[in-house]
S.K.: 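Take a look at this one; I'll ask things after.
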Amino acid sequence: VSTQSTGQYYKEIVEKTQHLKPLIKSWPKSLVHGDSHMGNMRETPDTSEYRLMDWELTHVGNAVMDLGSLIVESVLPEEQVSEFLAAYGYDTTDPKSMAVLWWWRMFRACSILSYLVNSQPDLTIPAIVPWLNKYKNQVDSLMANIPSL
């Protein structure tokens, strides 16, 4: 993975997903946390419920962004994603809902991969390689399953 190869990779992703753009733009707007990941989750000691912290990126937008981010950054196995979504009341039977979720998962995985590639002077550092592989594998997996509408 390099900055140059990542740029070409993203260009290919954009070209192959243009058909989803109108759907994403037309999706209902709501309150979005904007930085939902496990590091911003805290368990309450009295109820054992989890709460989102760090609301500085909150905005009105596509709330599916938060679900996509949580899935991408969690250690949740793919087989449990439907169960996770059902717990949030997300309609996993609707192809359009799943296409929007796919989009935001791809967006988050690409954002993290891009950050890693562009912020590290040496991409062969042992501590960086597993993270690069994790997000590159997620992007590859998502690319192999581009939704069609």
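The analysis underlying the following values was restricted to heavy atoms, covering all of them including side chains, and did not include hydrogens, waters or symmetry mates. This structure is a prediction, so every number in the text was calculated from the model and none was measured.
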S.K.: In the structure I gave you, are the side-chain heavy atoms of Thr17 and Met106 within less than 4.5 Å of one another anywhere?
M.R.: no
S.K.: Closest heavy-atom contact between Leu23 and Ala99?
M.R.: CD2-CB, 3.8 Å
S.K.: Is there a donor-acceptor contact under 3.5 Å from the side chain of Asp66 to the main chain of Gly34?
M.R.: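 Yes, the answer is positive, given that a donor and an acceptor are paired below the 3.5 Å cut-off.
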S.K.: Provide the closest heavy-atom pair for Ile13 versus Cys110 in the form atom of the first, atom of the second, distance.
M.R.: CD1-SG, 3.6 Å
S.K.: Give a yes or no on this: more than 12 heavy atoms of other residues, nucleotides or ligands lie within 6.0 Å of atom CH2 of Trp102.
M.R.: yes
S.K.: Just so I know, are the side chains of Trp104 and Val72 near enough to count as touching, which here means a heavy-atom distance under 4.5 Å?
M.R.: no
S.K.: Which heavy atom of Lys29 sits nearest to which heavy atom of Lys25, and what is that distance?
M.R.: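 Between these two residues, the closest heavy atoms are NZ-O, 3.4 Å.
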S.K.: Quick one: are Trp55 and Asn40 in side-chain contact, heavy atoms under 4.5 Å?
M.R.: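 No, their side chains stay 4.5 Å or more apart.
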S.K.: Can you tell me how far CG of Leu113 sits from CZ of Arg108, rounded to the nearest 0.5 angstrom?
M.R.: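 One gets 12.5 Å once the value is rounded to the nearest 0.5 Å.
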S.K.: Can you tell me if CE on Met41 sees more than 12 non-hydrogen neighbours from other groups inside 6.0 Å?
M.R.: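 Check passes, neighbour count above 12.
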S.K.: Could you list the donor-acceptor pairs under 3.5 angstrom formed between side-chain atoms of residues 139-149 and any protein atom two or more places apart in sequence or on another chain?
M.R.:
from	atom 1	to	atom 2	distance (Å)
Asp140	OD1	Tyr9	OH	2.1
Asp140	OD1	Lys136	NZ	3.0
Asp140	OD2	Lys136	NZ	3.0
Asn145	ND2	Ser141	O	2.9

S.K.: Let me confirm one number: the CD1-CE distance from Ile24 to Met65, rounded to the nearest 0.5 Å.
M.R.: 12.0 Å
S.K.: With rounding to the nearest 0.5 Å, note down the distance linking OG in Ser69 to CD1 in Ile112.
M.R.: 7.5 Å
S.K.: Indicate yes or no: at least one non-hydrogen side-chain atom of Arg105 is less than 4.5 angstrom from one of Val81.
M.R.: yes
S.K.: How about NZ on Lys11, more than 12 heavy atoms from neighbouring residues, nucleotides or ligands closer than 6.0 Å, or not?
M.R.: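 At most 12 heavy atoms, drawn from other residues, nucleotides or ligands, come within 6.0 Å of this atom.
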S.K.: May I ask you to test the Leu85-Met98 pair for a side-chain heavy-atom distance under 4.5 Å?
M.R.: yes
S.K.: Just wondering, are more than 12 heavy atoms of other shown residues or ligands nearer than 6.0 Å to CD in Glu83?
M.R.: no
S.K.: To the nearest 0.5 Å, what is the distance between OG1 (Thr44) and OH (Tyr50)?
M.R.: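 Answer rounded to 0.5 Å: 9.5 Å.
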S.K.: Using atom types as modelled and distance alone, determine if a side-chain donor or acceptor of His33 lies under 3.5 Å from a backbone N or O of Ala63.
M.R.: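 Not confirmed, His33 side chain does not pair with Ala63 backbone.
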S.K.: When hydrophobic residues are tied together by side-chain contacts of less than 4.5 Å, even through go-betweens, does Trp103 share a cluster with Tyr88?
M.R.: yes
S.K.: Does Ile71 share a hydrophobic cluster with Met38, counting links as ILVMFWY side-chain heavy atoms below 4.5 Å and allowing steps through other members?
M.R.: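 Cluster IDs for Ile71 and Met38 match.
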S.K.: Look at the side-chain heavy atoms of Ile, Leu, Val, Met, Phe, Trp and Tyr, link any pair under 4.5 Å apart, and say whether Leu132 and Tyr10 land in one connected group.
M.R.: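 Per the 4.5 Å side-chain linkage, Leu132 and Tyr10 are co-clustered.
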S.K.: Atom CD of Glu73 and atom CD of Gln138: how far apart are they, to the nearest 0.5 Å?
M.R.: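 Here the rounded value is 9.0 Å.
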S.K.: Answer whether the closest heavy-atom distance between the side chains of Val100 and Tyr90 falls below 4.5 Å.
M.R.: yes
S.K.: Would you check if Trp27 and Ser97 make a side-chain contact, meaning some heavy-atom pair closer than 4.5 Å?
M.R.: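 Result yes, sub-4.5 Å side-chain heavy-atom pair found.
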